[in-house]
Protein chains: 2
Amino acid sequence: MSNYLDDAPCYLISTVVKRSGVKADLIRAWERRYQAVTPSRTDGGHRVYSDQDIVRLKLLKQATTEGHSIGQIAQLSFDELQKLLQPDQHTPPSRASATTSDHRYLAESYIEKCYTAMMVFDARAIESHFENAVVELGAQVFMESLLTPLLTRMGEDWKSGTLRPSHEHMTTSVIRSMVYILRSNYTPASNAPRLIISTPIGQQHELGALIAALIAEFKGWRITYLGPDLPAEEIAFAVKSSNANAVALSITISTEDHIIPKEIRRLKKLIGRDVTLIVGGSAAGEYKAVLDEVGALRSDSCDDFKQMLDDLSLQFQAPTPLKILSA
Amino acid sequence: MSNYLDDAPCYLISTVVKRSGVKADLIRAWERRYQAVTPSRTDGGHRVYSDQDIVRLKLLKQATTEGHSIGQIAQLSFDELQKLLQPDQHTPPSRASATTSDHRYLAESYIEKCYTAMMVFDARAIESHFENAVVELGAQVFMESLLTPLLTRMGEDWKSGTLRPSHEHMTTSVIRSMVYILRSNYTPASNAPRLIISTPIGQQHELGALIAALIAEFKGWRITYLGPDLPAEEIAFAVKSSNANAVALSITISTEDHIIPKEIRRLKKLIGRDVTLIVGGSAAGEYKAVLDEVGALRSDSCDDFKQMLDDLSLQFQAPTPLKILSA
DNA sequence: TAGCTCTTGTCAATGTATTGTCAATGTCGT
DNA sequence: ACGACATTGACAATACATTGACAAGAGCTA
């Protein structure tokens with residue numbers, strides 16, 4: 001039918017265990033009892049799995065944890081399995097307010113679902129899961145207990161090679177879309193401080209910047225999100241044009257060259273001392289020297305960033321005394 | 001209403017309980033006493049239900065809670081049950097449609113507003129203009145009379161240097177968000193063909209790809225939007241993992257080097273001949289030679305692309321004999 | 001209205017089926 | 001040779017089926 005001259009199936013069972021999350025004994029049991037997957041063999045008899053097999057196992061695992069019987073679904077086709085996991089027609093029982101531990105549990109189950117959907121590139125499903133989660137958890141908890149852990153996990157899997165660039169690309173584009181939904185409930189005051197968000201040139205991972213944008217939205221700032229990978233001039237130009245009060249940059253990968261420090265120096269010079277520069281992200285620590293040199297703020301965590309925003313809010317909004325939460 | 005072409009009974013009673021809301025003992029009692037449902041059995045004797053059975057049980061449950069006696073309605077057909085529950089219901093769709101010239105005029109005024117907002121980096125304003133326009137013009141007209149011209153104009157100004165990268169970045173991120181809004185009304189069929197959308201490596205402008213995604217959504221395809229700038233392996237991996245039927249690439253800038261032709265050849269080889277490759281965008285014409293060589297389709301315009309999608313739809317949906325509209 | 005029957009939802013007791021896990025033993029690959 | 005893998009068989013914990021029973025109502029009759 002199809003000529004698989006390409007990446008021939010080449011994963012040993014230990015790899016499959018790591019990627020699919022199904023234990024080795026169980027994988028073999030599923031094969032023995034229901035022919036759930038039919039890996040080829042080496043000359044010596046070791047099982048050899050393909051990418052599709054891994055995806056299939058991930059789907060099966062998700063389906064079983066949702067209560068389906070493995071014996072009944074083991075032989076379903078890829079499409080049928082995916083349909084089984086579609087988060088569409090669903091009658092969620094009326095729910096009283098959940099506790100924190102409930103939240104955590106719910107968030108974890110959502111993370112699993114999202115991960116499974118991500119592996120089969122089902123953007124729709126990810127969106128649906130996100131939507132449901134936002135409704136069920138609330139935007140704040142959604143971000144803290146679902147989105148942040150999810151991205152952390154993605155970062156780890158990225159480093160370990162489990163995750164491919166295409167996964168990250170797709171998930172990024174889904175989350176970008178969601179930013180709109182999440183923040184549409186928050187209408188910042190017309191005198192709220194303005195923040196420009198981007199990543200320096202060479203930094204193409206924008207998930208951290210997106211999170212920052214969401215946090216700042218929740219804090220009531222007026223955000224202009226520029227997307228990733230911009231030179232200092234462009235960022236500075238946007239600052240001037242929009243009369244922004246601050247710039248937030250996300251740096252997640254440390255490069256050996258001196259581009260980043262150079263960009264930061266240039267940017268700071270261009271925007272002037274009246275505009276605050278904040279730098280965050282998992283690799284921001286590497287550039288501590290430059291940041292101190294130019295007087296930029298460095299945020300180590302989400303909470304850190306929130307605190308900074310609050311402090312800056314006071315500073316920039318000083319003319320208008322704060323009357324927040326007086327509704 | 002119900003396109004249950006797939007009648008693979010695969011639900012054990014616990015699943016049915018969760019989905020229908022009827023307790024297990026009661027389901028069995030209804031079967032024993034009135035043959036309300038007649039599930040098939042596994043070799044071991046466990047009941048196995050289909051989607052129809054679940055729907056039927058839901059209907060029965062609702063009917064009984066409304067006072068009907070189970071003994072009287074248990075044997076009714078699906079249609080009779082539905083009639084029982086919905087005495088009458090009608091939605092008068094009254095819509096005063098504007099003329100085409102109205103549309104064009106409106107769209108132009110919106111384009112002006114958006115351009116102004118873009119120049120001062122007011123993302124919020126662009127969004128609200130877009131939102132208003134979508135409501136006023138409808139999603140289809142919005143895309144054709146507003147979005148496409150706007151992007152065309154942006155492309156021209158980009159070349160002439162009036163527009164800066166930061167403008168394009170911000171507008172891109174706003175439009176990406178809008179994709180979500182626009183398509184949230186469209187729910188593709190579960191057996192719709194799948195399309196992967198991206199741009200080849202080196203092509204960082206994704207507006208064309210976004211438009212393509214929107215068009216394909218409206219045509220009822222299931223879209224996985226990967227974002228821009230991906231190597232052939234990654235795109236191919238997404239194709240394999242998602243079982244996609246086709247790939248659409250947008251190429252807007254012609255580069256002198258031979259990267260693009262090389263990538264296209266590699267991609268085609270990796271995805272195989274069963275997966276269709278479509279290439280569009282303002283610079284697609286430059287690569288006619290390669291596209292013909294590998295048997296890829298080339299689309300010159302939006303209408304062209306639409307036509308292609310329609311043709312391919314027929315081809316890919318062929319295996320499932322079309323019984324649409326046979327309610 | 002008391003008494004009777006029929007309907008219907010629920011439950012308990014007992015046995016079978018399914019399924020995740022593990023141990024013992026042998027083989028493969030580097 | 002050692003770690004990773006395969007095979008087989010077994011076991012315990014759930015989940016399911018069957019049967020029979022029971023109680024709360026509803027409807028009917030005297």
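Every chain is numbered from 1, with letters handed out A, B, ... down the list of sequences.
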Would you check if there is a donor-acceptor pair between the side chains of [Y] and [X] at a distance under 3.5 Å?
X	Y	answer
B:Gln315	B:Asn245	no
A:His205	A:Glu168	yes
A:Gln35	A:Thr38	no
B:Tyr11	B:Asp51	yes

*What integer distance in Å separates B:Tyr11:OH from D:dA15:C1'?*
19 Å
*Go through residues 12-31 of chain A and report each residue with a non-hydrogen atom lying under 4.0 Å from DNA chain D, sorted by number.*
A:Leu12, A:Ile13, A:Ser14, A:Arg28
*Enumerate the residues from residues 66-74 of chain A whose closest heavy atom to DNA chain D is under 4.0 Å, giving them by residue number; use none for an empty result.*
none
*Answer with yes or no after comparing the ring centroid distance for A:His167 and A:Trp158 against a 6.0 Å cut-off, counting only values under it.*
no
Check this for me, if you would: do [X] and [Y] make a salt bridge, where the nitrogen-to-carboxylate-oxygen distance has to be below 4.0 angstrom?
X	Y	value
B:Arg47	B:Glu31	yes
B:Arg194	A:Asp79	yes
B:Asp25	B:Arg28	yes
A:Arg176	A:Glu206	yes
B:Lys18	A:Glu66	no

Every protein N/O within reach of nucleotides 20-25 of chain D N/O, cut-off under 3.5 Å:
none

*asked:* If you count every heavy atom of other residues, nucleotides or ligands that lies below 6.0 Å from B:Gln72 atom CD, does the total exceed 12?
replied: no
*Minimum heavy-atom distance between A:Gly67 and B:Ser14, given as atom pair plus value*: O-OG, 4.1 Å
*Over its full length, what angle do the end axes of the helix from C:dT1-D:dA30 to C:dT30-D:dA1 make, each axis taken from five pairs and the result rounded to 10 degrees?*
20°
_I want to check one thing: is the phosphate of C:dT19, taken as OP1 and OP2, less than 4.0 Å away from some side-chain N or O of A:Tyr34?_
yes
Counting only pairs under 3.5 Å, give me each side-chain donor-acceptor contact of residues 109-117 of chain A, with atom names and distances, residues two or more places apart or in other chains.
{"unit_1": "A:Ser109", "atom_1": "OG", "unit_2": "A:Leu106", "atom_2": "O", "d": "2.9"}
{"unit_1": "A:Tyr110", "atom_1": "OH", "unit_2": "A:Glu136", "atom_2": "OE1", "d": "2.6"}
{"unit_1": "A:Glu112", "atom_1": "OE1", "unit_2": "A:Lys58", "atom_2": "NZ", "d": "3.3"}
{"unit_1": "A:Glu112", "atom_1": "OE2", "unit_2": "A:Arg153", "atom_2": "NH1", "d": "3.0"}
{"unit_1": "A:Tyr115", "atom_1": "OH", "unit_2": "A:Asp157", "atom_2": "OD2", "d": "2.5"}
{"unit_1": "A:Thr116", "atom_1": "OG1", "unit_2": "A:Gln62", "atom_2": "OE1", "d": "2.9"}
{"unit_1": "A:Thr116", "atom_1": "OG1", "unit_2": "A:Glu112", "atom_2": "O", "d": "3.0"}

*asked:* Return a single string for nucleotides 25-30 of chain C, one symbol per nucleotide in 5' to 3' order, where B is base contact, S is sugar-phosphate-only contact and - is none, cutoff 4.0 angstrom on heavy atoms.
replied: ---SS-
*Between A:Ile54 and A:Val37, is any pair of side-chain heavy atoms under 4.5 Å apart?*
no
*A:Leu81 side chain reached by A:Leu85 side chain, heavy atoms, under 4.5 Å*: no
